[in-house]
Every structure is written in structure tokens, then in C-alpha cells.
Amino acid sequence: MSVPVVWASTVMVSLSAKMPFENALVDVPRDPKLDTSRRNKAGEVLSAENFPREVWGMPRLNQSRPLPDIFMGYGPWIVSKAAADVMRQFDMGQGGFYPVRVLKKDLKTPFDGEWFCLNFGNVKKAYMGGGRDPTPYIPKDYISHTMPGSGIIKDNMLMVNADALVGPDIWVDPQIYDTFFVSDRLAKALKEAGVARAFGFKKCKII
């Protein structure tokens with residue numbers, strides 16, 4: 001009998017995933033109630049209007065390197081078509097994808113391929129510990145832990161309970177900031193498709 005597994009993505013704490021892009025939503029007032037990035041990380045169900053239709057490279061963007069299969073485009077988390085095609089085969093719950101044009105620094109030339117803003121859209125309360133205490137800018141009554149840096153987190157460092165095994169294959173947990181979780185079957189499918197590396201998956205201990 002196989003042992004149940006849940007995976008946490010470390011991409012949100014990976015400096016290499018925070019690509020130097022801009023988008024039209026950068027100039028939107030930073031009202032916390034309207035902050036798409038914060039709402040997405042909280043697992044809210046969002047619509048196309050909450051995500052940019054285009055992102056474009058800032059001057060320091062290295063255009064000679066291919067884009068990873070998931071990266072942050074100054075707020076939104078963006079996935080490649082290859083990754084989105086795999087994820088669509090699983091239970092996305094109320095999460096979803098919204099097309100976005102990813103442009104180079106000239107604001108005209110698109111990067112190869114199709115790209116999508118990812119709305120996580122699902123919440124599970126299964127996290128049981130292993131992260132860090134919140135940094136000062138995150139009130140402790142807002143969240144209990146934050147994700148350690150991607151170079152620090154190891155397999156079985158984060159703990160979840162069996163509630164993580166029920167429901168959608170992708171979700172966020174309001175008790176830990178800067179991460180999202182996926183089921184074993186989704187992680188395996190992404191790995192088999194060769195698009196999992198950028199997600200930085202780490203195995204969670206189920207207690």
C-alpha cells in the first residue's frame with residue numbers, strides 16, 4: 001500500500017522565480033482589499049479582471065534565458081501552457097487560468113509559447129507546523145507561519161494533517177504564508193511532463 005503524500009511549492013520564496021516584469025496593475029492603488037497578489041495567496045476565487053492581460057520585461061530582464069514554467073510577473077503567478085495543460089487534467093476546484101501575453105523589454109515582442117495567470121482559488125486548513133514565525137510586517141493574528149527560504153526548506157520539514165488529502169489538487173492554507181500545496185498525483189504528473197522543476201516541490205509530513 002502506498003503512503004499518502006502532499007507537496008509544498010517553494011517557488012514563492014525563490015528569488016529566481018520573481019522575474020523583473022511589469023504590468024498595468026502595478027499602478028493600481030495598494031488597497032489591501034483590492035490587492036490581487038495578496039488575495040490570490042489567500043486562496044480567493046478571482047476573475048479575469050483581477051489579472052493583467054499583458055506583462056512586459058523591465059530593463060534588467062535577461063531575455064537570453066528561457067522563462068521557467070512558473071514565475072511571478074510583478075504580482076501574478078504565471079505558468080506555461082505546458083504546466084497549465086497538466087494541471088487542467090486534475091481537480092482545480094475553484095482555481096483557474098487566465099491568458100496573459102508575456103512581452104519582452106520592447107513591449108512588443110512576445111516570448112515563445114502561451115502563458116496563463118494562475119488563480120489558486122482553494123483553501124484547506126491542514127498545516128500543522130514546520131515553518132517560521134511571521135516577519136514583523138505580517139501581523140501574528142493574520143497568519144501563524146511563513147515559508148522558510150527555498151534553500152532552507154527540506155522534505156518533511158512542513159507538516160500537514162490528513163485533511164490535506166481531501167478535495168482539490170491545489171490549494172493554499174491560511175496558516176502559512178508564501179506557499180501553496182498540491183496533491184501527490186498532480187506533482188507526479190508535472191514531474192512526468194518535465195515542468196515541475198520551477199515549482200520547487202518539497203514533500204510534506206502527514207501527521
S.K.: Checking Ser37 against Asn40 for the side-chain hydrogen bond (donor to acceptor under 3.5 Å, both in side chains) test, could you report, in this order, the C-alpha distance in whole Å, the side-chain angles of both residues, the deciding distance, and whether it holds?
M.R.: CA-CA 5 Å; Ser37 178; Asn40 197 22; over 6 Å; no
S.K.: Measure the spacing between CZ of Arg39 and CZ of Phe120 and express it to the nearest 0.5 Å.
M.R.: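 Between atom CZ of Arg39 and atom CZ of Phe120 there are 14.5 Å.
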S.K.: Taking all non-hydrogen atoms of both residues into account, name the closest pair between Trp56 and Ala24 and its distance.
M.R.: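 Shortest heavy-atom contact: CH2-N, 3.5 Å.
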S.K.: State, to 0.1 Å, how close Ala126 and Gln175 come at their nearest heavy-atom pair, and which atoms those are.
M.R.: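 Nearest pair, atom of Ala126 first, then Gln175: N-NE2, 3.9 Å.
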S.K.: Can any side-chain N or O of Asn119 pair as donor or acceptor with the backbone N or O of Val45 at less than 3.5 Å?
M.R.: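 No; judged by distance alone, with no hydrogens or angles, the pair does not exist.
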S.K.: For the atom pair CE (Met87) and CG (Leu186), what is the distance rounded to the nearest 0.5 Å?
M.R.: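 If we round to the nearest 0.5 Å, Met87:CE and Leu186:CG are 5.5 Å apart.
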S.K.: Just so I know, are the side chains of Pro76 and Thr36 near enough to count as touching, which here means a heavy-atom distance under 4.5 Å?
M.R.: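 SC-SC contact between Pro76 and Thr36 ruled out.
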S.K.: Closer than 3.5 angstrom, by distance alone: can the side chain of Thr179 be matched with the main-chain N or O of Ser9 as a donor-acceptor pair?
M.R.: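 Here the side-chain-to-backbone pair exists.
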S.K.: Examine Val79 and Tyr98 and state if one hydrophobic cluster contains both, with Ile, Leu, Val, Met, Phe, Trp and Tyr joined whenever side-chain heavy atoms are less than 4.5 Å apart.
M.R.: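 Not linked; separate clusters.
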S.K.: Are there more than 12 heavy atoms of other residues, nucleotides or ligands under 6.0 Å from atom CG of Asp106?
M.R.: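 Counting other residues, nucleotides and ligands, CG of Asp106 exceeds 12 neighbours.
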S.K.: What pairs with Arg53 under side-chain contact (heavy atoms from CB on, under 4.5 Å), at least two apart in sequence or on another chain?
M.R.: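 For Arg53, no residue satisfies side-chain contact (heavy atoms from CB on, under 4.5 Å) once neighbours in sequence are set aside.
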S.K.: Among all residues two or more places apart in sequence or in another chain, which pass the side-chain contact (heavy atoms from CB on, under 4.5 Å) test with Met159?
M.R.: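 By the side-chain contact (heavy atoms from CB on, under 4.5 Å) rule, Met159 matches Met128, Lys205, Ile207.
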S.K.: Can the positive tip of Lys124 be found less than 6.0 Å from the middle of the six-membered ring of Phe181, inside 45° of the ring normal?
M.R.: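 Pair Lys124/Phe181 does not count as cation-pi.
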S.K.: side-chain contact (heavy atoms from CB on, under 4.5 Å), that's the test. Do Val6 and Leu165 meet it? Break it down for me.
M.R.: CA-CA 7 Å; Val6 166; Leu165 302 173; 3.7 Å; yes
S.K.: Within a reach of under 6.0 Å around CD of Glu54, are more than 12 heavy atoms found that belong to other residues, nucleotides or ligands?
M.R.: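 Result for CD/Glu54: enclosed.
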S.K.: Taking all heavy atoms of Val86 and all of Ala189, pick out the closest pair and write down the distance.
M.R.: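 The answer is CG1-CB, 3.6 Å.
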S.K.: Does the side-chain contact (heavy atoms from CB on, under 4.5 Å) test come out yes or no for Asp69 and Trp115, once each step is laid out?
M.R.: CA-CA 9 Å; Asp69 287 291; Trp115 301 89; 5.6 Å; no
S.K.: Considering residues at least two apart in sequence or located in another chain, which fulfil the side-chain contact (heavy atoms from CB on, under 4.5 Å) criterion with Lys154?
M.R.: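 So Lys154 forms a side-chain contact (heavy atoms from CB on, under 4.5 Å) with Met157.
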S.K.: Report yes or no: do Val11 and Met92 belong to one cluster of Ile/Leu/Val/Met/Phe/Trp/Tyr joined by side chain heavy-atom distances under 4.5 Å?
M.R.: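 Linked, Val11 and Met92 end up in one cluster.
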S.K.: For the rings on Trp77 and Phe116, is their centre-to-centre separation under 6.0 Å?
M.R.: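 No, the ring of Trp77 stays outside the 6.0 Å limit from the ring of Phe116, centre to centre.
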S.K.: Ignoring hydrogens, what is the shortest heavy-atom contact between Gly73 and Ile78? Give both atom names and the distance.
M.R.: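 Here Gly73 and Ile78 meet closest at CA-CD1, 4.1 Å.
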S.K.: Rounded to the nearest 0.5 Å, what separation is found between the CZ atom of Phe51 and the CG atom of Leu118?
M.R.: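 CG of Leu118 is found 7.5 Å from CZ of Phe51.
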S.K.: If hydrophobic clusters are built by linking Ile, Leu, Val, Met, Phe, Trp and Tyr wherever their side-chain heavy atoms come under 4.5 Å apart, do Ile176 and Trp171 end up in the same one?
M.R.: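 Yes; Trp171 is reachable from Ile176 via cluster members.
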S.K.: Got a salt bridge between Asp173 and Lys125, using NZ or NE/NH1/NH2 to carboxylate O under 4.0 Å?
M.R.: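 Salt bridge between Asp173 and Lys125, a charged N being under 4.0 Å from a carboxylate O: no.
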S.K.: Any chance you could lay out the side-chain contact (heavy atoms from CB on, under 4.5 Å) test for Glu22 and Val55, step after step, and finish with the verdict?
M.R.: CA-CA 6 Å; Glu22 291 186 281; Val55 299; over 6 Å; no
S.K.: Flag the pair His145 / Tyr177 as yes when their ring centroid distance falls below 6.0 Å, and as no otherwise.
M.R.: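 No - the distance between ring centres of His145 and Tyr177 does not fall below the 6.0 Å cut-off.
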S.K.: Let me confirm one number: the CD-CG distance from Glu44 to Asp35, rounded to the nearest 0.5 Å.
M.R.: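 Glu44 CD to Asp35 CG: 10.0 Å, rounded to 0.5 Å.
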S.K.: For this output row, return yes or no: ring centroids of Phe21 and Tyr74 closer than 6.0 angstrom.
M.R.: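 Aromatic pair excluded; centres sit 6.0 Å or further apart.
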S.K.: Answer yes or no: is there a donor N or O on one side and an acceptor on the other, between the side chain of Asn122 and the main chain of Pro168, under 3.5 Å?
M.R.: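 No; zero donor-acceptor contacts below 3.5 Å.
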S.K.: Centre of Trp7's six-membered ring, under 6.0 Å away, within 45 degrees of the axis: is that where NZ or CZ of Lys191 sits?
M.R.: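 Yes - Lys191 lies over the ring of Trp7, closer than 6.0 Å to its centre and within 45° of its axis.
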S.K.: Please tell me whether Leu103 and Leu61 are part of a single hydrophobic cluster in this structure, the criterion being side-chain heavy atoms less than 4.5 Å apart.
M.R.: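 No; tracing contacts between hydrophobic side chains, which count when under 4.5 Å, never links both residues.
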S.K.: Hey, are Lys188 and Asp184 close enough for a salt bridge, meaning a charged N less than 4.0 Å from a carboxylate O?
M.R.: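 Salt bridge flag = yes for Asp184 with Lys188.
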S.K.: Begin from the C-alpha positions of Ile153 and Arg132 and carry the test side-chain contact (heavy atoms from CB on, under 4.5 Å) through to its verdict.
M.R.: CA-CA 10 Å; Ile153 189 72; Arg132 289 180 164 179; over 6 Å; no
S.K.: Do the side chains of Asp169 and Arg185 get close enough for a salt bridge, i.e. N-O under 4.0 angstrom?
M.R.: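 A salt bridge links Asp169 with Arg185.
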S.K.: I'd like to know if the side chain of Asn50 and the backbone of Ser47 have a donor-acceptor N/O pair within less than 3.5 Å.
M.R.: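 Yes, because the side chain of Asn50 sits within donor-acceptor range (under 3.5 Å) of the backbone of Ser47.
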S.K.: Check for me, please, whether Ile170 and Val172 land in the same ILVMFWY cluster - side-chain distances under 4.5 Å, paths through other members count.
M.R.: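 Yes.
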S.K.: Looking only at atom types and distance, does a side-chain atom of Lys105 sit under 3.5 Å from a main-chain N or O of Pro59, one as donor and one as acceptor?
M.R.: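 Yes; judged by distance alone, with no hydrogens or angles, the pair exists.
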S.K.: Less than 4.5 Å apart, side chain to side chain, heavy atoms only: is that true for Tyr127 and Asn161?
M.R.: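 No - every pair of side-chain heavy atoms lies 4.5 Å or more apart.
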S.K.: Over all heavy atoms of both residues, which pair between Pro148 and Gly130 is shortest? Give the atoms and the distance, please.
M.R.: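 Minimum heavy-atom contact is CG-O, 4.3 Å.
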S.K.: When rounded to the nearest 0.5 angstrom, what is the spacing between CG in Asp112 and OG in Ser80?
M.R.: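 Those atoms lie 12.5 Å apart.
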S.K.: For Val123 and Ala42, work out which heavy atoms get closest and say how close.
M.R.: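 The answer is CG2-O, 3.4 Å.
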S.K.: Answer yes or no on whether Arg88 is positioned over the face of Phe97, meaning its NZ or CZ is under 6.0 Å from the six-membered ring centre and within 45° of the axis.
M.R.: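 Arg88 over Phe97 ring: yes.
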